[in-house]
Amino acid sequence: MNVKIFDTPEVQDFLKAVSGFDQSGGNDRAKQIMHRLLSDLYRLIDDFDITPEEYWSTVSLLNELGAEKQMGLLSPGLGFDHYLDMRMDAADEQARLDGGTPRTIEGPLYVAGAPVAEGEARMDDGSDTDAEVMWLTGQVRDTHGNPIPGAQVEIWHADSKGNYSFFDPTQSDYNLRRTILADDEGRYRVRSIIPSGYGVPPESPTEQVLSALGRHGQRPAHIHYFVSAPGHKHLTTQINLAGDKYTYDDFAFATREELVIEGTRIEDPAEAEKRGLEGPFTEVVFDVELAPTEVSELQDRHKRPRALEQA
């Protein structure tokens, strides 16, 4: 068609009307953001000569993403989650609040209300008998190396098939989800299983988008963390287990070099007995460093919709 009408007065006036600039009600920030978003998209239609068929097939795909509740899955795949992290990293550096364990994306699979334990917990319910036992431990310290007693360590991860409890109805409530309050030395210890990575659902709308970009939808084996303590910045992070095929090829762009952890296979019965285990296991050690802050809003996780969490 090769028609360009975006810069005409008619279209510019139309954009203002669509964005509500000629109305007294509504939210000024929402109007400004919508005007910018629509302007960029209208210009894109001009620049790429988008056809009605292309437009309506995209609308259909967006409907499918919403119907299957996959926007939270596609978001990290399109880099939005990591880009927000990049902005927060830059803001911390600018405010000289950098330091501590690096953040990385939360993902869409957190569930509020996991059982709380002091110092040590078992995360798995024992039903995954083919899974490898994992002993996950570490210490929470401040940026001077001092332990933080009572730090709250929330951990969640997938099972050996790459599925998460709550979202996978075959698993028991809060399987592979726990909140541990660190002991007097800032240490936490959990018995769990080695998680598997996972891929986006086959033939799903998320996979359709990624396939159009020539990309896969695979994540490596990883373990999610929220770590917090009064007077310290809340940390949202996750570790990737070294050796996974996708450790450095994560479709969600969550891998950071400092967060790739090598597990140690231990077969000594005496070492297993020390931990209350019955046989060989893999030990994963992840120490956490929290940066100090007196800013109260930085001590809490940011607000967003989360399963079973009240607004």
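This one's a predicted model, so the numbers in the text were calculated from it and none came from an experiment.
Remark: the N240 side chain and the T255 side chain contain an N/O donor-acceptor pair separated by less than 3.5 Å. Side-chain atoms of D249 and H216 include a donor-acceptor pair closer than 3.5 Å. Defined by atom type and a distance below 3.5 Å, a donor-acceptor pair is present between the side-chain atoms of Q171 and D159. In this structure, a donor-acceptor pair under 3.5 Å is present between the side chains of Q238 and R219.
Residues A151 and V140 come closest through the heavy atom pair CB-CG1, 3.8 Å. Taking all atoms of both residues into account, the shortest heavy-atom contact from I5 to T8 is O-OG1, 2.7 Å. Looking at every heavy atom in both residues, R178 comes nearest to A121 through CG-CB, 4.3 Å. Closest approach of P201 to E207, counting heavy atoms only: O-CB, 3.8 Å. Nearest heavy-atom pair, P205 versus L61, reported as atom, atom and distance to 0.1 Å: CB-CD1, 3.6 Å. A pairwise comparison of heavy atoms in W135 and R189 identifies CZ2-CB, 3.8 Å as the closest pair.
A single hydrophobic cluster is not seen to contain both I266 and V284; linkage of ILVMFWY side chains at heavy-atom distances under 4.5 Å, directly or through other members, places them apart. In the hydrophobic clustering of ILVMFWY residues, with side-chain heavy atoms under 4.5 Å counting as a link, V285 and M134 come out apart. Under the 4.5 Å side-chain heavy-atom criterion for Ile, Leu, Val, Met, Phe, Trp and Tyr, F80 and Y83 are members of distinct hydrophobic clusters. Both F286 and I223 belong to a common hydrophobic cluster when Ile, Leu, Val, Met, Phe, Trp and Tyr are linked at side-chain heavy-atom distances under 4.5 angstrom. Cluster annotation: Y174 is connected to L109 through the hydrophobic network of ILVMFWY side chains, with a link wherever side-chain heavy atoms come within less than 4.5 Å.
Heavy atoms of other residues, nucleotides or ligands lying less than 6.0 angstrom from NZ of K16 number 12 at most. Heavy-atom neighbours of E118 CD from other residues, nucleotides or ligands within 6.0 Å: at or below the threshold of 12. No more than 12 heavy atoms of other residues, nucleotides or ligands sit less than 6.0 Å from atom CZ of R29. Under a cut-off of 6.0 angstrom, the local environment of CG in N27 is crowded, with over 12 non-hydrogen atoms contributed by other residues, nucleotides or ligands. Open room surrounds CZ on R36; 12 or fewer heavy atoms of other groups in view lie less than 6.0 Å from it. Shown here is E203, whose CD atom has no more than 12 heavy atoms of other residues, nucleotides or ligands within 6.0 Å.
Note on residues 92-114: pairs passing side-chain hydrogen bond (donor to acceptor under 3.5 Å, both in side chains), not counting sequence neighbours, are D89-R103, D92-R103, D92-K233, E106-R306, Y110-E154, Y110-R301.
Using the six-membered ring where Trp is involved, Y188 and Y225 have ring planes that are perpendicular, over 60° apart on the 30 and 60° scheme.
When side chains are defined from C-beta on, P220 does not count as touching Y248, because their heavy atoms never get closer than 4.5 Å. You'll find the side chain of Q12 reaches within 4.5 Å of the side chain of F6, heavy atoms only. In this structure the side chain of L78 reaches within 4.5 angstrom of the side chain of L213, judged on heavy atoms. At least one side-chain heavy atom of I148 sits under 4.5 Å from a side-chain heavy atom of L290. In this structure, the side chains of E273 and P269 stay at 4.5 Å or more apart for every pair of heavy atoms. A heavy-atom distance below 4.5 Å is not found between the side chains of V295 and L97. Using a 4.5 Å cut-off on side-chain heavy atoms (C-beta onward), F253 and I105 make no contact. For the pair L259 and H222, the minimum side-chain heavy-atom distance is 4.5 Å or more.
One N or O on the side chain of S57 and one on the backbone of E53 form a donor-acceptor pair closer than 3.5 Å. Counting only distance, with no hydrogens or angles, the side chain of Q23 and the backbone of G20 share no donor-acceptor pair below 3.5 Å. Between the side chain of N2 and the main chain of D49, no donor-acceptor pair closer than 3.5 Å is present. Put simply, the side chain of S211 never gets that close to the backbone of Q208: no donor and acceptor are under 3.5 Å apart. No side-chain donor-acceptor contact under 3.5 Å links R275 to the backbone of F281. Side chain of N175 to main chain of D125: a donor-acceptor pair is present (N/O by atom type, distance under 3.5 Å, no hydrogens or angles). A donor-acceptor pair is defined here as one N or O able to donate and one able to accept, closer than 3.5 Å; such a pair exists between the side chain of S39 and the backbone of H35. With hydrogens and angles ignored, the 3.5 Å screen pairs no side-chain donor or acceptor of Q299 with any backbone N or O of S228.
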Report task. Go through the steps for H224 and H157 under the test side chain to side chain contact (heavy atoms under 4.5 Å, CB included), then give the verdict. Result -> CA-CA 6 Å; H224 293 270; H157 64 76; 5.5 Å; no
Query raised in the report: After noting the C-alpha distance and the side-chain angles of D7 and R43, does the key distance pass the side chain to side chain contact (heavy atoms under 4.5 Å, CB included) rule?
Result: CA-CA 9 Å; D7 289 320; R43 186 185 292 277; 3.7 Å; yes
Query raised in the report: Under the side chain to side chain contact (heavy atoms under 4.5 Å, CB included) criterion, do M34 and F21 qualify, and how do the steps go?
Result: CA-CA 10 Å; M34 183 60 72; F21 283 174; over 6 Å; no
Report task. Evaluate side chain to side chain contact (heavy atoms under 4.5 Å, CB included) for V227 paired with H234, printing each intermediate quantity in order. Result -> CA-CA 6 Å; V227 187; H234 179 276; over 6 Å; no
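If you take CD on E294 and NE2 on H232, they are separated by 9.0 Å, rounding to the nearest 0.5 Å. Distance check, rounded to the nearest 0.5 Å: CG of N63 to OG1 of T58 gives 11.0 Å. Of the inter-residue distances, the one linking D244 atom CG with S196 atom OG reads 7.5 Å to the nearest 0.5 angstrom. The distance from the CE atom of M123 to the CD1 atom of I180 is 6.5 Å, given to the nearest 0.5 Å. We find the OG1-CZ distance between T206 and F251 to be 7.0 Å, quoted to the nearest 0.5 Å. For the atom pair D85 CG and R87 CZ, the distance stands at 11.5 Å (nearest 0.5 Å).
For the salt bridge (charged side-chain N to carboxylate O under 4.0 Å, His left out) with R191, the lone residue among E120, E278, E283 that qualifies is E278.
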